[in-house]
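Written out below as structure tokens is the structure these notes cover.
Everything quoted here is computed from the prediction, not taken from an experiment.
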Amino acid sequence: MLAIESILLAVGFFLFIKTKNQKGEAISFDKSRNPLLFLYPVSGYLYQLYQRIYLKNKKSIQKASKEDEALLSLYVNENKEKIRREHAYQCISAMLAIFYIFVFFSFVLTVKERREGLTSYISAIERPQEGDGEQNITLWFETEDGVKAEIPFTVSERRLQGAELEAYYEAVYAYIKEMMLGENVSIYEVNQNLNLIKSMPDGNMTISWEIEPKDYIGSDGTLFYENVPESGADIVATATVTYFNEKRYYPFAIHIIPKAYTKEELQYKQIEEALAKSEEDSREDNIVHLPDTIGDAKVVFSLQKEEKAGVMFFLGVIGALFMKLAYEEKVKQGREKREEQLLLDYPEMVSKFTLLLNAGMTPVAAFERIGSDYKTSLFREQLLDLRKPKEGEKLLKKQGIEMKRTEKRVHYAYEEILYMLSEIRGGISEETAIEEFGRRCRLICYLRFSTIVVQNMKKGTKGIIPMLELEAKTAYESRKDFIRQMGERAGTKLLGPMMGMLILVMALIMVPAFLSFGI
């Protein structure tokens, strides 16, 4: 993991240094909506690489064009290519920032873990207090002979003297008879370690074992195969169930089958038995002392620490992916708000257009007047934000001053009209520009409106007024229905909090009532 993190950090640093002086277009971006402007050179380099690699087949190009169409519909009268690149830089820089923040902390955590070491040598383990339950841990041991392995170790809770029910004895015998076999099929053909349990799982009753002879099996059920003859060996394992000063004895006749036993297996079994003995001898102590020698060999124990740097690295990858999804969701929500605003502004726009045609204006002149009124209203809204009213009065007398449109004040219907007028001034025919206006709005009502206007421009404006008046009337009715639907959606969103408040009020009323009745 450390190598991967080092490579990623080195690559990121190299790209940052390489592209540091290649600011280019990033200088012209608005700093207020681009907080990660210092990462845009790297983002631009990666964006160009993405275009060369990803946009090679038709499917990728079509998918990218659909995403761009949704994005560009939110920025009507701005440089489309610049908006496309700015959005890409925003998304890539945010993904890079999230990813490399987690990679950096993952790298620091890895270095810290390597410096401290994942192995901590111990000579004792703190025992859980009474009521905490047993603790299952995994120990790593290493003998002076070079044998290394991991071994499971269970530390039970500290046992205090207490009483248990007499009826448990019958259940204890059945439980011991079932559990002591371990992986063996029968006690008359034992070739695996016995499970000589030390206590019942649901109480403080203890079980001890007496093995006769003691040459073939340890007190914890470990089989000493090196001592078993080829013909096998018979032993008697007696379970002593202790209840304070009272004891019950349950003898079991066992026949052991010999098995080949390697040196490593032998040491493992000896260590396992020694650990069990240490744990048993210190039942009433707070500390379990681990053995330091097994036979003639010294042994050290250690606990293996869990690496946490990998989790940090994984979170960085997930965070970068979620940032990409967040930007896509932002564009989607913006497009939905745009369509809602277009529907709400449509009746007013049609009414204004009809009124201007009644006044004798041509369709294009009517659009120009609507666009001019829209720009004037935006300019006046901006003047409301000025701290010096006298300066606002002076600016109001000036014309042709471009104002900075904020996202809250923009009305996409009128922005599309301004864009349509700029196309007409650029040389596109009036009919084509109006048809494109309806298509860009992407709503049936605007397509219907543009069709009415274009057809009457071709045939003459004799019958356009009644048609537009009917369209305006229908649009206002549709607007009422749409606003009603918006209200219903808002009411549905409030249903959850209202239910929560109802439950809280019911609880505040009913709980004292039940308490007063002693329930």
Side-chain angles (χ1 to χ4, degrees), residues 65 68-80 334-379 399-400 402 405 409-483 485:
S65 63
D68 290 343
E69 184 179 357
L71 171 66
L72 297 177
S73 64
L74 305 177
Y75 303 91
V76 181
N77 288 297
E78 297 189 34
N79 188 316
K80 298 187 183 300
R335 185 170 182 174
E336 291 176 354
K337 291 181 180 179
R338 176 181 184 271
E339 292 180 354
E340 290 180 359
Q341 192 188 83
L342 285 171
L343 287 172
L344 294 174
D345 288 340
Y346 178 70
E348 182 182 356
M349 187 271 295
V350 175
S351 298
K352 288 181 180 179
F353 185 79
T354 305
L355 181 63
L356 292 172
L357 287 186
N358 274 325
M361 288 188 177
T362 62
V364 175
F367 280 127
E368 289 179 349
R369 179 59 183 270
I370 292 173
S372 176
D373 291 344
Y374 171 65
K375 288 194 291 185
T376 303
S377 66
L378 285 180
F379 188 67
Q399 295 182 357
E402 291 186 3
R405 300 184 182 91
R409 297 170 181 169
V410 167
H411 289 261
Y412 291 104
Y414 300 106
E415 290 287 335
E416 292 290 353
I417 290 175
L418 294 177
Y419 187 78
M420 175 188 66
L421 294 173
S422 66
E423 285 186 329
I424 293 174
R425 288 191 291 269
I428 298 177
S429 66
E430 296 176 356
E431 292 83 358
T432 304
I434 295 173
E435 287 177 350
E436 289 297 324
F437 162 74
R439 293 193 190 98
R440 285 196 305 273
C441 291
R442 299 177 60 87
L443 293 175
I444 295 176
C445 56
Y446 283 90
L447 288 170
R448 186 169 56 247
F449 170 75
S450 63
T451 302
I452 293 173
V453 175
V454 171
Q455 287 180 353
N456 283 273
M457 287 177 68
K458 293 178 179 179
K459 299 177 182 180
T461 58
K462 185 177 180 180
I464 189 173
I465 301 300
M467 296 177 66
L468 289 176
E469 289 177 348
L470 178 61
E471 180 68 19
K473 183 178 180 181
T474 306
Y476 275 110
E477 293 297 328
S478 300
R479 181 180 181 179
K480 291 180 182 178
D481 294 336
F482 181 68
I483 293 175
Q485 292 175 8

Heavy-atom closest pair, residues [X] and [Y]:
| X | Y | value |
| --- | --- | --- |
| Glu431 | Val454 | O-CG2, 3.7 Å |
| Val364 | Met457 | CG2-CE, 4.5 Å |
| Leu342 | Cys441 | CD1-O, 3.6 Å |
| Pro363 | Leu357 | N-CD2, 3.8 Å |
| Ala475 | Pro347 | O-CG, 3.5 Å |

Exercise. Does the Tyr374 side chain pair with the main chain of His411, one donor and one acceptor, at a distance under 3.5 Å?
Worked result: yes
Exercise. Sub-3.5 Å donor-acceptor pair from the side chain of Ser372 to the main-chain atoms of Arg369, do we have one?
Worked result: no
State, with a plain yes or no, whether a side-chain heavy atom of [X] is found less than 4.5 Å away from one of [Y].
| X | Y | result |
| --- | --- | --- |
| Phe367 | Ile434 | yes |
| Leu418 | Tyr414 | no |
| Leu344 | Arg479 | yes |
| Cys445 | Leu343 | yes |
| Glu368 | Met361 | no |
| Arg335 | Arg442 | yes |
| Asp373 | Lys352 | no |

For this session: Tell me, with the steps shown, if Glu415 and Arg338 meet side-chain contact (heavy atoms from CB on, under 4.5 Å).
Result: CA-CA 11 Å; Glu415 290 287 335; Arg338 176 181 184 271; over 6 Å; no
How many angstroms lie between atom [atom1] of [X] and atom [atom2] of [Y], to the nearest 0.5 angstrom?
| X | Y | atom1 | atom2 | value |
| --- | --- | --- | --- | --- |
| Asp481 | Tyr476 | CG | OH | 15.0 Å |
| Ser351 | Leu356 | OG | CG | 11.0 Å |
| Leu443 | Glu340 | CG | CD | 11.0 Å |
| Ser450 | Gln455 | OG | CD | 9.5 Å |
| Met420 | Glu435 | CE | CD | 12.0 Å |
| Ile452 | Leu447 | CD1 | CG | 11.0 Å |

Exercise. Would you say the side chains of Tyr412 and Glu339 form a donor-acceptor pair under 3.5 Å?
Worked result: no
For this session: State whether the number of non-hydrogen atoms from other residues, nucleotides or ligands found under 6.0 Å of Arg448 atom CZ is greater than 12.
Result: yes
Exercise. Less than 4.0 Å between a side-chain N and a carboxylate O, is that true for Arg439 and Glu436?
Worked result: yes
Problem set entry | Test log, rule side-chain contact (heavy atoms from CB on, under 4.5 Å), inputs Tyr346 and Glu471 | CA-CA 10 Å; Tyr346 178 70; Glu471 180 68 19; 2.5 Å; yes
Problem set entry | Residue pair Glu416, Tyr446: steps toward the side-chain contact (heavy atoms from CB on, under 4.5 Å) verdict | CA-CA 11 Å; Glu416 292 290 353; Tyr446 283 90; over 6 Å; no
For this session: Begin with the C-alpha distance, continue with both residues' side-chain angles, and end with the deciding distance and a verdict on side-chain contact (heavy atoms from CB on, under 4.5 Å) for Phe353 and Val453.
Result: CA-CA 10 Å; Phe353 185 79; Val453 175; 3.9 Å; yes
